[in-house]
Each structure stands twice: as C-alpha cells, then as structure tokens.
There are 2 protein chains.
Amino acid sequence: MGSDKIIERWVPQFRKGLLEFIILLKLQQGAIYGYELAIEIKKLTSIEVAEGTLYPLLNRLKRDGLVTTEWQTAEVGTPRKYYKITTLGLETLTKMKTVWTNTHSSILNMVMQS
Amino acid sequence: MGSDKIIERWVPQFRKGLLEFIILLKLQQGAIYGYELAIEIKKLTSIEVAEGTLYPLLNRLKRDGLVTTEWQTAEVGTPRKYYKITTLGLETLTKMKTVWTNTHSSILNMVMQS
DNA sequence: GCATAGTACATTGTATTGCTATGTATATGG
DNA sequence: CCATATACATAGCAATACAATGTACTATGC
C-alpha cells in the first residue's frame, strides 16, 4: 500500500476534533447557517465537510450549549437555521486555542530535531 | 456543563490521528521500544498515551508497513520490542508534515481574523 | 410547463480509533 | 513476600467522520 492511500485514511482521523475547533473559530466572526458554513470552511481550509458530518456536529455543539440556533425565513428561498456562538462556546474556544498552540509548538520542536 | 468538561472530552478527539504523526516524528530520530516511546511522548508533548492506545496503534503502523519491529533481549530485564521506521513510513511522514503545515496556517488565519 | 441543478436541513449505518480495564511476565526495593 | 516499576498485549466501549439517502424548496434554461 502506497503512502497516498495511507494519508487518505489518516486525514479524516486527523480532522477529528479539529472540525469543532474550526467551526467555533468561524462562528466567532458572526452567526452563520450550516450550508454557508460548509462552503466557508472549504474556502478557508480546503477541508470538504460532508453534510452528514456537519449537521450532527452542529447539533452536538447545540446540545452542549456552545451554540444557539434561530430559524430565519425570507420572502424567497429555503428557511435557514442560523448558528450563533454562546459565552460557553467562546470560553471553550479560548481553551481550544491554548491546546492547539501548545500542541503546535511541541510538534514544531520534534520537526526541528529531525 | 462547564467548558472544562467539554475540553476534557474534546482533547482525546483532537489527538486522534495526531498520535500517529507524533510517533512517526519520534521514530524518525531512531528506533525505540513502546514503553520508552510513551515516556518520550509525554516528555515532549505533555500527552499521556495510555498503553491500550499505544500498542494497538504501533501494530497498525506495522500492519501498514510504516514500521518494522525487532525483539531485543538483554541479560537483565524484560525483552523489548524495538520499532523502526521504514521508507514508506518516512514517505508518509513527509506528507503528514505538509498536511499539518497547511492546516496550521489555515487555522492561524482564522485566529487572526477574530 | 418542466427538467435539471442548486440550496438547505436531516438521519441511518459503518468503520476507525482512543481509552479504560484487565491480564501476563519479569525485576527490584523494603 | 509484597508493592512498585518495567514491558507488552487484548477485549470492550464510546465518540465521530463519512457515504448514502431522503425531504423540500428555488432558480435557470429550454
């Protein structure tokens, strides 16, 4: 098996948890609805989030109180469910940033040593 | 539920996949056995790897041809199984470094914007 | 009118994988 | 002897990314 195949299997695993972090980062900039969020994430990180990944994840964030939701209907178009980050979400995000920063510097050290 | 509790649940998810990357990074510096590897990872990254996590993971890496193993017996002490990175492992590691770097810069951009 | 593509949300089932718990065996210090 | 540390290993559980599928509305071209 080539390394490409291995990477292909690894990347989704690598993303686990990371997606939650990325979504909260994006939500920090303002409320957004699911479909737009998927497009934004792809634009910003080149990560293609499947809808079967995104919606359950957003529901988990809501269940845990990190986001709230609000339906918005317009005269035209399908109703959109907007997600907004809560105080708890912002608190959590701050801690995630710390974990990310620490992990990054550890890994950077290991890369340097090699 | 407080943000600490949420982070506690998030961190293991965040590590998924990352562990493989960290292990290959360490192995790049030379062969090492499982028990020592766990201690090294904790020292380098503050990540406490449970043995029930580490050994299955090392076996996966072996199954996929990223590492080879060799038993080494000494006059005293328990025999140790040394893990050595293969060419395929080094190839894979290079690609993982790229993914890591790209992801990091994307996230950095999102952090900046906020 | 109507077909096609796009927008928007949602669920089910599967595979992967980190972790807890547990087990085996050897070595060492009190 | 008995606790602790070293060293490897497996079984079962829980979390989660993803593919596949479904519903419903809108926009565009013909």
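Residue numbering restarts at 1 for every chain, and letters A, B, ... go by the order of the sequence lines.
- Backbone-only contact: A/Glu20 has heavy atoms under 4.0 Å from sugar-phosphate atoms and none from a base.
- Per the geometry, CZ belonging to B/Arg60 stands 5 Å off P belonging to C/dG18, to the nearest Å.
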- side chain to side chain contact (heavy atoms under 4.5 Å, CB included) evaluation trace for B/Leu25 with A/Ile107: CA-CA 8 Å; B/Leu25 273 174; A/Ile107 285 179; 4.0 Å; yes

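- Using a 4.5 Å cut-off on side-chain heavy atoms (C-beta onward), B/Leu58 and B/Ile23 make contact.
- In this structure, the side chains of A/Phe21 and B/Phe14 stay at 4.5 Å or more apart for every pair of heavy atoms.
- As rounded to whole Å, 8 Å separates atom P of C/dC9 from atom CZ of A/Arg80.
- Here the P atom of nucleotide D/dA15 and the CD atom of A/Gln13 are 16 Å apart, to the nearest Å.
- Here the C1' atom of nucleotide C/dT16 and the CZ atom of B/Arg15 are 18 Å apart, to the nearest Å.
- The nearest whole Å value for the distance from the CH2 atom in A/Trp10 to the C1' atom in C/dG18 is 16 Å.
- Residue A/Gly34 is classed as a sugar-phosphate contact, given heavy-atom separations below 4.0 Å to backbone atoms only.
- Under a 3.5 Å cut-off, the side chain of A/Thr86 and the backbone N or O of A/Gly65 do form a donor-acceptor pair.
- Atom CD of B/Glu51 and atom P of C/dT17 are 20 Å apart (whole Å).
- Closest-nucleotide positions on DNA chain C for A/Lys16 and A/Lys81 were compared, and the one nearer the 5' end corresponds to A/Lys81.
- Between the side chain of A/Ser105 and the backbone N or O of A/Asn102 there is at least one donor-acceptor pair closer than 3.5 Å.
- Put simply, B/Asn59 has a side-chain N or O that comes within less than 4.0 Å of OP1 or OP2 on D/dT10.
- Taking atom CG of A/Leu54 as the reference point, atom C1' of C/dC9 lies 10 Å away to the nearest angstrom.
- Where A/Val49 and B/Thr53 each meet DNA chain D at their nearest nucleotide, the meeting point lying more 5' is that of B/Thr53.
- Among the nucleotides D/dT6, D/dC8, D/dT16, the one closest to the side chain of B/Tyr33 is D/dC8.
- B/Ala50 comes within 4.0 angstrom of a nucleotide base, judged by non-hydrogen atoms across all strands.
- Counting non-hydrogen atoms under 4.0 angstrom, B/Tyr82 reaches nothing in the nucleic acid.
- For the pair B/Tyr55 OH and C/dG18 C1', the interatomic distance rounds to 16 Å; values are reported in whole Å.
- Neither OP1 nor OP2 of D/dT6 sits under 4.0 Å from any side-chain N or O of B/Thr78.
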